[in-house]
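Quick notes on the structure that follows.
Labels below follow one simple rule: chain letters A, B, ... track the order of the sequence lines, proteins then strands, and each chain is numbered from 1.
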Amino acid sequence: MVEYVNSLSIDEQKRILQERWPELLEERRVEVRKDIESLPPLPGAENLDTIVLRFAPNPDFALTLGNARPAILNYAYKLKYEALGKRTKFILRFEDTDPKIKKPMIEPFDAYELIRLDLRWLGIAWDEEHIQSERLRAGIYYDVARTLLERGQAYVCTCSEEEWRKRVREAPPDSRKPCPCRDRSPEDNLELFDKMLSGELDEGQAVVRVKTELSHPDPSVIDWVALRIVNPYKNPHPRLVKLYGESEATKYWVWPTYNFAVAVDDYLMGITHILRAQEHYVNTIKQSYIYRYMGWRQPEVIHFGRLIVEGLTLSKSKLRRLNLRPDDPRLPTLAGLRERGILPETIWEVMLQVGTKPSDAKLTLDNIYSINRRLLEPRANRYMAVIDPVEAVITGVDRDSIRVEIPYHPSFPERGKRELILKTHGGVLRVFISRRDLELLEKNKIVRLMEFANIEVLQISQELVIAKIHSYDLQIARSLKIPIIQWVPRDDNVKVIVERPDLTDLQEEELLKEYGLGEPGIRETRGGEYLQLLRYGFVKVLDKSNNEVKMRYIHS
RNA sequence: GCCCCGGUAGUAUAGCCCGGCCAAGUAUGCGGGCCUUUCGAGCCCGUGACCCGGGUUCAAAUCCCGGCCGGGGCACCA
């Protein structure tokens with residue numbers, strides 16, 4: 001039965017579940033839907049008939065847990081307004097306009113593809129996809145830049161970075177001297193811009209600046225840079241090289257900065273609402289100049305706080321520097337969490353719970369695990385395994401062969417049972433128990449071997465336990481209030497290796513592993529299946545070979 | 001240093017814009033009970049918060065001022 005269910009795709013499983021036990025799925029969906037419904041309304045949404053939202057990652061690495069916040073929140077609002085009968089659109093836009101510092105990642109992993117995968121895993125479906133490096137080729141940013149230059153709202157600045165810093169950034173507000181380039185005529189500016197485009201000017205020799213108030217209190221806002229030169233021979237754009245070859249990639253010398261590209265694209269794509277982290281606050285101010293000059297209507301922007309998970313680094317650049325696979329189970333990337341056994345629904349629940357508050361949200365891994373545990377528990381069948389096995393010899397068994405039936409999950413009797421055949425030799429049965437239960441045996445003297453019998457401990461050492469059958473009835477165990485422990489037959493078991501990735505210590509070269517033995521039923525499990533190893537924790541099955549099953553520990 | 005933004009129980013949030021229905025809701029955690037062949041889940045009961053000070057007002061979590069604390073930004077990165 002389990003094998004049959006597992007042989008089906010997730011969608012098929014869902015469909016069957018839907019037909020036969022709709023309440024199981026319904027419950028979850030209703031819960032998420034309720035969370036989405038209770039999201040506070042977006043400002044001005046009631047006056048619009050179409051709500052357009054976007055998620056705009058830089059494809060320099062796989063998505064982290066931190067990126068899931070804007071991705072899910074923006075998408076959740078799409079779903080919210082869709083449910084309210086509005087027309088909606090959700091756009092995925094790759095912001096890859098920096099071939100130099102935050103270079104897009106194509107090798108050894110294609111971050112564009114990684115991100116699409118992460119989003120699909122989260123159940124996010126986008127209506128449109130755009131890539132800024134492609135839009136650059138289409139001349140979109142250059143056109144807007146020319147318009148601003150023509151109107152005198154932007155200018156080509158040929159000052160060096162140091163010059164600019166001294167003149168404007170470090171000067172007290174009242175003695176700021178505008179740079180002489182500011183007064184250049186539109187004709188001269190356009191001519192210089194063409195020189196930038198053609199490669200006649202090199203990196204650092206010219207930038208396009210947007211005119212702002214010189215008195216703005218934040219010096220970074222003043223005449224901020226909209227486009228700059230990146231020498232394509234020194235810093236070719238990896239995506240353009242891969243797709244169109246060197247000769248095409250080297251044509252593009254001028255790249256828009258984030259703020260310019262975002263303002264242009266948000267307008268052209270008709271974005272109505274932007275939910276993003278508060279680190280973008282100043283960017284919103286910078287971008288507002290473009291909207292004003294171009295006479296565009298500005299989208300509503302909501303800034304939310306940062307997501308902090310105690311003990312984890314969510315910074316993409318830091319994670320990238322570790323040189324691990326993006327889906328390394330120790331990484332707080334979505335891919336890593338997926339490998340670890342964190343469910344996408346868990347991520348959703350966390351993000352909806354955290355919401356759009358402007359202050360930081362500090363979570364602990366335990367917070368996340370408790371949600372995941374709740375969602376995983378009904379899906380994970382239960383098996384017995386003993387870590388660090390110790391042999392127990394049980395005497396006084398009055399039968400030659402014993403059949404024990406164990407349900408896959410007590411809450412779901414329809415999943416059936418598996419059986420364990422125990423052979424005895426002259427009234428003696430040999431099993432393995434977990435080393436960490438020795439203490440328990442010492443304290444209690446009588447314990448119950450789960451689903452089997454109550455035993456009385458006669459002798460106990462680090463290597464061997466000798467016990468005799470006390471009784472079989474569960475009711476007796478109850479009335480004696482003795483502990484119930486898991487066990488594995490000595491003559492029929494499977495080797496179990498459990499990887500325990502530590503998310504908080506990435507320095508460690510080797511993954512921590514635990515070794516043990518599992519009941520024979522574990523052989524039937526499939527790679528990717530979630531199990532609950534009784535009194536141990538939830539694990540994900542990785543792969544099986546011979547009589548060995550590799551697993552990854554998820555949480556208790 | 002300068003410029004923003006915030007501060008509701010252990011944690012995460014609702015309420016704040018538009019003051020009264022808030023002796024503050026929800027989730028999780030914690031304590032207890034029921035149920036249950038692990039743990040959990042479920043059900044029931046309990047626990048626990050408006051950063052501080054002043055002001056406005058008949059009335060303040062909500063508006064105003066000051067302080068304290070926390071976060072973010074200050075790139076030819078995104």
If you only use heavy atoms from C-beta on, which nucleotide in [options] is closest to the side chain of [X]?
X       : options                : value
I484(A) : U38(B), A12(B), C76(B) : U38(B)
R373(A) : G6(B), G40(B), G72(B)  : G40(B)
S220(A) : U13(B), A75(B), C77(B) : A75(B)

Relative to the 5' end of RNA chain B, which residue comes earlier, W164(A) or N367(A), by the nucleotide with the nearest heavy atom?
->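 Here N367(A) is the residue nearer the 5' end.
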Any side-chain N or O of [X] below 4.0 angstrom from OP1/OP2 of [N]?
X       : N      : answer
R165(A) : C74(B) : no
T97(A)  : A78(B) : yes
R306(A) : G72(B) : yes
R436(A) : U38(B) : no

Under the criterion side-chain contact (heavy atoms from CB on, under 4.5 Å), which of I394(A), L517(A), L420(A) is the partner of W487(A)?
->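 Exactly one option meets the side-chain contact (heavy atoms from CB on, under 4.5 Å) with W487(A), and it is L420(A).
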Atom pair distance, as rounded to whole Å: CE in M351(A) and P in U13(B) | 11 Å
Nearest-angstrom distance from the residue atom NE2 of H237(A) to P of C77(B) =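 H237(A) atom NE2 is separated from C77(B) atom P by 13 Å.
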What nucleic acid atoms does [X] come within less than 4.0 Å of, heavy atoms only: base, sugar-phosphate, or nothing?
X       : result
G355(A) : nothing
K362(A) : sugar-phosphate
N283(A) : base

Write down the distance separating the [atom1] atoms in [N] and [M], rounded off to the nearest Å.
N      : M      : atom1 : value
G70(B) : G33(B) : P     : 41 Å
U13(B) : C51(B) : P     : 15 Å
C50(B) : C69(B) : C1'   : 16 Å

When only distance counts, do a donor and an acceptor, one from the side chain of Q353(A) and one from the base of U28(B), lie under 3.5 Å apart?
->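 Under the 3.5 Å cut-off, the side chain and the base do not form any donor-acceptor pair.
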Would you call R379(A) and E529(A) a salt bridge, taking side-chain N to carboxylate O under 4.0 Å as the test?
-> no
Can D194(A) and R146(A) be counted as an ion pair, charged N to O under 4.0 angstrom?
->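 Yes, this pair counts.
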Is atom OH of Y233(A) surrounded by more than 12 heavy atoms (other residues, nucleotides or ligands) closer than 6.0 Å?
-> no
